[in-house]
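Since the structure comes first, as structure tokens, the remarks are kept for the end.
So that the names make sense, note that chain A is the first sequence line, chain B the second, and so on, each numbered from 1.
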There are 2 protein chains.
Amino acid sequence: MKSVSASKLTILASSLLIASAFASATAWAAPANDPATLAQIRDSAMKEDWAYERLADMTDLIGPRLSGSAGAAAAVEQVADAMRKIGAKVTLQPVKVPHWVRGEEKAQLVDYAGRPSGITQKVVLSALGGSGATPAAGLTAPVIVVRDFDELNARKAEVKGSIVLFDVPFDDEMAKGGQAGKAYGRGSNYRGNGPRVAQELGAVGALVRSVGGADFRLTHTGNTGLVDGKRIPAAAVTAEDAMLISRLLKRGAVKMHLTLTPQNLPDADSYNVIADFPGTDKPEEVVIVSGHLDSWDLATGAHDDGAGVAAAMAVIDTLKKLKLQPRRTIRVIAWMNEENGTRGGKGYFEVNKEKVEQHFAAIESDNGAGRPFGFMGSVRPSMVKYFAPLQKSLDQIGAGVFDRRDVAGGADIMPLERAGVPSFQPLVDFTNYFNYHHTAADTLDKVNPLDLKRQVAVMTSLTWYLANMDENIGRTVVPQ
Amino acid sequence: MKSVSASKLTILASSLLIASAFASATAWAAPANDPATLAQIRDSAMKEDWAYERLADMTDLIGPRLSGSAGAAAAVEQVADAMRKIGAKVTLQPVKVPHWVRGEEKAQLVDYAGRPSGITQKVVLSALGGSGATPAAGLTAPVIVVRDFDELNARKAEVKGSIVLFDVPFDDEMAKGGQAGKAYGRGSNYRGNGPRVAQELGAVGALVRSVGGADFRLTHTGNTGLVDGKRIPAAAVTAEDAMLISRLLKRGAVKMHLTLTPQNLPDADSYNVIADFPGTDKPEEVVIVSGHLDSWDLATGAHDDGAGVAAAMAVIDTLKKLKLQPRRTIRVIAWMNEENGTRGGKGYFEVNKEKVEQHFAAIESDNGAGRPFGFMGSVRPSMVKYFAPLQKSLDQIGAGVFDRRDVAGGADIMPLERAGVPSFQPLVDFTNYFNYHHTAADTLDKVNPLDLKRQVAVMTSLTWYLANMDENIGRTVVPQ
């Protein structure tokens with residue numbers, strides 16, 4: 001029987017009867033998920049600046065942390081040091097990561113109908129991760145614009161020898177209407193797959209319209225699915241520049257001079273930072289709480305995903321300060337290489353394949369540090385009821401929503417989730433997240449310290465709750 | 001007596017009696033400012049795309065138009081051609097303009113407390129117009145941050161040999177609260193004067209926090225008051241980077257490596273484009289309607305001030321299409337060099353000094369193409385009442401407000417206004433204007449075509465009204 005206050009017992013009695021069908025046989029009585037402890041954790045998290053300080057260290061002292069960079073290496077050291085300092089058992093798990101380095105990048109529209117003599121138009125762009133390079137002096141080619149893959153295929157003949165621009169507007173109204181993830185997915189499909197498909201049809205370069213809603217001539221980088229040996233140059237142009245090119249094409253042919261000189265270097269050595277807080281009764285069972293340590297190179301990755309890492313780190317800090325030790329082992333992981341390869345997540349799964357059953361649950365925060373409303377989790381529907389006491393506690397800070405999903409985890413815990421490990425993520429307001437993420441504007445000032453405290457409260461309460469639950473929440477089934 | 005509909009006569013009778021004290025003796029009765037004509041002008045402007053097409057030509061085909069650049073020269077030709085095509089009498093008035101050319105620009109924080117070995121932090125910046133250059137290889141110096149000139153003076157001893165950052169936040173709440181001009185003035189004071197004052201105290205470089213409210217790591221360039229022979233390098237850093245530097249300074253000393261290689265070239269030849277639509281009865285009396293043709297170099301200057309020029313051009317186009325000829329001469333001027341010298345405005349005044357009395361009024365639109373609510377004008381308070389019929393007509397499109405001011409004109413018509421010429425400007429929503437102006441994001445897509453039509457309706461109605469008024473609205477007194 002889980003320990004709850006007397007007043008809770010009546011309310012929970014019937015659900016616990018049902019629960020017993022799913023629950024593990026073990027039932028013991030340490031002072032774990034009682035409301036008082038949950039309240040103590042929540043209120044303590046709401047008072048602490050520790051996570052924000054860690055985030056400031058990461059973003060202000062180090063800055064960008066793209067896989068393979070000096071920043072990523074420094075971040076591994078910094079996080080490991082901070083976790084050692086609070087008494088966690090730190091392991092660095094080696095992972096080989098892609099090593100892509102941005103080079104020179106510029107583009108000019110050098111010819112178009114109506115162009116006055118001597119005039120060219122500058123196009124603002126940023127190479128996509130994994131992009132190939134133009135010759136050092138650049139290349140000149142006609143630009144064609146398509147709105148989707150159907151149009152690309154219909155115009156195959158024009159693609160050969162051209163620079164293809166996928167001019168797919170980000171649907172900011174969809175994002176503001178509560179469907180930011182869907183709006184992002186629509187655009188990022190072209191970022192991820194457009195350059196590869198264009199290359200297969202003979203394009204000499206590929207451009208995508210930046211996937212994000214703000215109108216401040218900002219490039220949104222991100223990874224693209226080009227593979228070794230045949231990588232055309234690929235870049236994100238700003239929405240403004242995509243629109244300019246589309247307008248000029250209505251007047252006649254447009255020619256671009258494009259220079260992109262990124263390098264795809266051999267895989268580099270890096271690490272997942274793993275910090276354990278061993279459990280009391282069931283130390284062999286693990287609850288992962290995590291964020292990813294690597295970021296894109298244009299900014300300091302405060303929302304994506306410094307905040308997630310800092311909040312995960314703060315789970316152990318918060319509990320240690322309260323002298324609370326969990327039953328199951330809490331494993332904080334700062335994943336490496338979520339952005340362009342997820343080698344950290346894959347590497348962890350590879351090493352722990354035989355121990356999947358020992359993973360009670362996994363949490364990853366990777367939707368930014370917007371105001372949390374609760375949490376998402378990929379438990380089976382019948383398990384939702386066991387989270388009521390946790391929801392009740394978090395409801396005090398407006399974060400009591402449990403949004404059950406078939407898939408809930410971040411990219412790094414996806415292999416675990418696919419293998420059945422119930423996965424969780426804070427449910428945050430990310431209406432405006434895609435206006436910043438992967439851009440030069442993802443900086444510390446964008447993180448509201450109060451919302452980060454709320455996130456720590458959610459992450460710590462949820463982690464603690466999972467690490468101490470009596471009920472076995474079982475496995476989930478993730479659609480493959 | 002001005003011609004108004006019978007129903008208006010009663011209402012206006014008393015005010016016209018008072019007006020006669022100021023009005024010129026001339027009173028004549030051509031079909032000019034009758035409500036039907038005003039309605040026809042307004043409604044015709046609201047249907048026309050001509051101004052937007054001119055703005056698209058200017059921004060899409062040419063792009064940036066900084067004084068002395070190929071873009072500025074091409075814009076002179078383009079506007080002159082367009083005005084000739086609609087039958088205006090075009091004159092190019094030569095003006096010598098400053099010729100400042102942006103160079104390489106980059107900055108790194110190369111040392112600060114807590115910096116991991118091998119890490120430097122990138123600072124995003126844009127040189128200010130008139131900035132001097134660092135050595136080609138850059139310079140390295142400590143950075144000090146001040147919040148105002150008092151603090152700068154109090155810390156004189158530290159300034160010598162340092163790079164001074166004026167970290168003055170743009171008050172976006174003030175802007176959104178209807179005081180955008182005041183918010184801008186507060187910040188731009190440091191942009192205009194900060195580098196000069198810092199240089200006088202021995203600084204080796206000067207940085208200002210970008211003057212604008214959006215949080216997308218955008219630089220806001222603009223002119224700075226450095227003078228020939230002693231120009232330190234001066235740049236605008238983004239708000240984000242200013243905050244980063246300020247935060248790092250709380251941890252200890254900060255050292256920056258700064259490279260800015262702009263060039264201050266000899267003055268270049270350029271032109272005001274002047275397009276006259278001669279008046280019938282009083283062709284020697286002139287009503288100027290204008291915008292400035294030059295822009296900053298980071299974007300295509302759609303709001304600042306392509307829209308103003310296009311709207312002014314459309315005044316003649318609208319009237320010609322309606323076969324309406326004004327009594328006084330309407331003079332469209334596309335000013336050169338408002339941004340970094342106002343040589344066009346000064347040059348026009350110099351040449352026309354003896355003819356100031358023949359300038360009945362002057363209009364300049366230079367607050368962007370936000371939704372117009374009416375117009376500002378620097379007539380004496382007693383003259384306001386004569387504009388009631390115009391206000392009544394514009395009120396039909398929500399633009400009937402007459403906001404009388406002591407100073408109302410744009411920078412180019414300021415010399416005329418100071419000499420007593422009543423000056424006008426559309427009264428527009430510029431709440432968000434300073435988030436875009438002088439940045440890379442001031443592009444065509446930011447201009448709402450409907451608002452531009454409204455601006456053409458206001459500009460054309462106002463110009464026509466002034467060009468046909470019976471009342472002499474007299475001179476204004478501008479505080480010196």
Side-chain angles (χ1 to χ4, degrees), chain A residues 56-57 59-65 69-71 73-78 81 108-109 112-124 169 212 214-218 238-248 250-251 297-300 302 432 435-436 439-446, chain B residues 56-57 59-65 69-71 73-78 81 108-109 112-124 169 212 214-218 238-248 250-251 297-300 302 432 435-436 439-446:
Chain A
D57 285 352
T59 54
D60 283 356
L61 299 182
I62 297 174
R65 305 174 297 280
S69 68
V76 165
E77 288 307 312
Q78 191 188 70
D81 282 352
Q108 296 279 341
L109 303 179
Y112 46 87
R115 183 179 65 88
S117 157
I119 298 297
T120 62
Q121 281 269 33
K122 180 182 177 178
V123 168
V124 177
D215 59 352
F216 289 95
R217 213 170 179 189
L218 213 54
T238 73
E240 286 87 344
D241 291 276
M243 289 187 270
L244 169 67
I245 294 168
S246 284
R247 288 195 303 268
L248 287 178
K250 286 185 188 148
R251 297 179 186 248
D297 58 336
L298 299 177
T300 61
N432 295 310
N435 295 351
Y436 296 97
T439 77
D442 182 6
T443 49
L444 181 63
D445 53 290
K446 306 309 180 319
Chain B
D57 285 352
T59 55
D60 282 357
L61 300 181
I62 297 173
R65 304 174 299 280
S69 68
V76 165
E77 288 306 312
Q78 191 188 70
D81 283 353
Q108 296 279 342
L109 303 180
Y112 47 88
R115 183 179 66 89
S117 156
I119 299 294
T120 62
Q121 281 269 33
K122 180 182 177 178
V123 167
V124 177
D215 58 353
F216 288 94
R217 213 170 178 189
L218 214 54
T238 74
E240 286 87 344
D241 291 275
M243 289 187 270
L244 169 66
I245 294 169
S246 284
R247 288 195 302 267
L248 287 177
K250 286 185 187 148
R251 296 178 186 249
D297 58 336
L298 298 177
T300 61
N432 296 309
N435 294 351
Y436 296 98
T439 78
D442 182 5
T443 49
L444 182 62
D445 53 290
K446 306 309 181 319

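- Residue with the most contacts toward chain A among B:Thr300, B:Thr120, B:Leu244: B:Leu244 (heavy-atom pairs, distance under 4.5 Å).
- Residue B:Ala239: no heavy atom, backbone or side chain, is found under 4.5 Å from chain A.
- Scanning all heavy atoms of the two residues, the minimum distance from B:Arg65 to B:Ala75 falls at CD-CB, 3.5 Å.
- Here A:Asp60 is the residue among A:Thr443, A:Asp60, A:Ile62 with the most heavy-atom pairs under 4.5 Å with chain B.
- Counting only distance, with no hydrogens or angles, the side chain of A:Asp442 and the backbone of A:Ala302 share a donor-acceptor pair below 3.5 Å.
- Between chain B and the options A:Asp215, A:Leu109, A:Thr59, A:Asp445, the largest number of non-hydrogen pairs under 4.5 Å is found for A:Asp215.
- Contact record, A:Pro64 with A:Ser69: O-OG, 4.4 Å, taken as the closest heavy-atom pair.
- Using a 4.5 Å cut-off between heavy atoms, A:Leu298 contacts chain B through its backbone alone, with no side-chain atom that close.
- A salt bridge links A:Asp57 to B:Arg251: one of the charged nitrogens lies within less than 4.0 Å of a carboxylate oxygen.
- When heavy atoms are compared at a cutoff of 4.5 Å, B:Ala73 does not approach chain A at all.
- Per-residue counts of heavy-atom pairs under 4.5 Å with chain B were compared for A:Gln121, A:Gln78, A:Met243; the largest is that of A:Gln121.
- The part of B:Leu248 that comes within reach of chain A is its side chain, from C-beta onward, which places non-hydrogen atoms under 4.5 angstrom from that chain.
- If you measure heavy-atom distances from B:Asn435 to chain A, the contacts under 4.5 Å come from both the backbone and the side chain.
- Heavy atoms of B:Tyr112 lying under 4.5 Å from chain A belong exclusively to its side chain.
- If you tally non-hydrogen atom pairs under 4.5 Å between each of B:Thr439, B:Val124, B:Leu444 and chain A, the highest count goes to B:Leu444.
- Judged by distance alone, with hydrogens and angles left aside, the side-chain atoms of A:Arg115 form no donor-acceptor pair with the main-chain N or O of B:Leu61 at under 3.5 Å.
- Looking at B:Lys446, only its side chain comes within 4.5 Å of chain A, counting heavy atoms on both sides.
- Residues B:Arg217 and A:Ala299 share a closest heavy-atom pair of NH1-CA, 3.9 Å.
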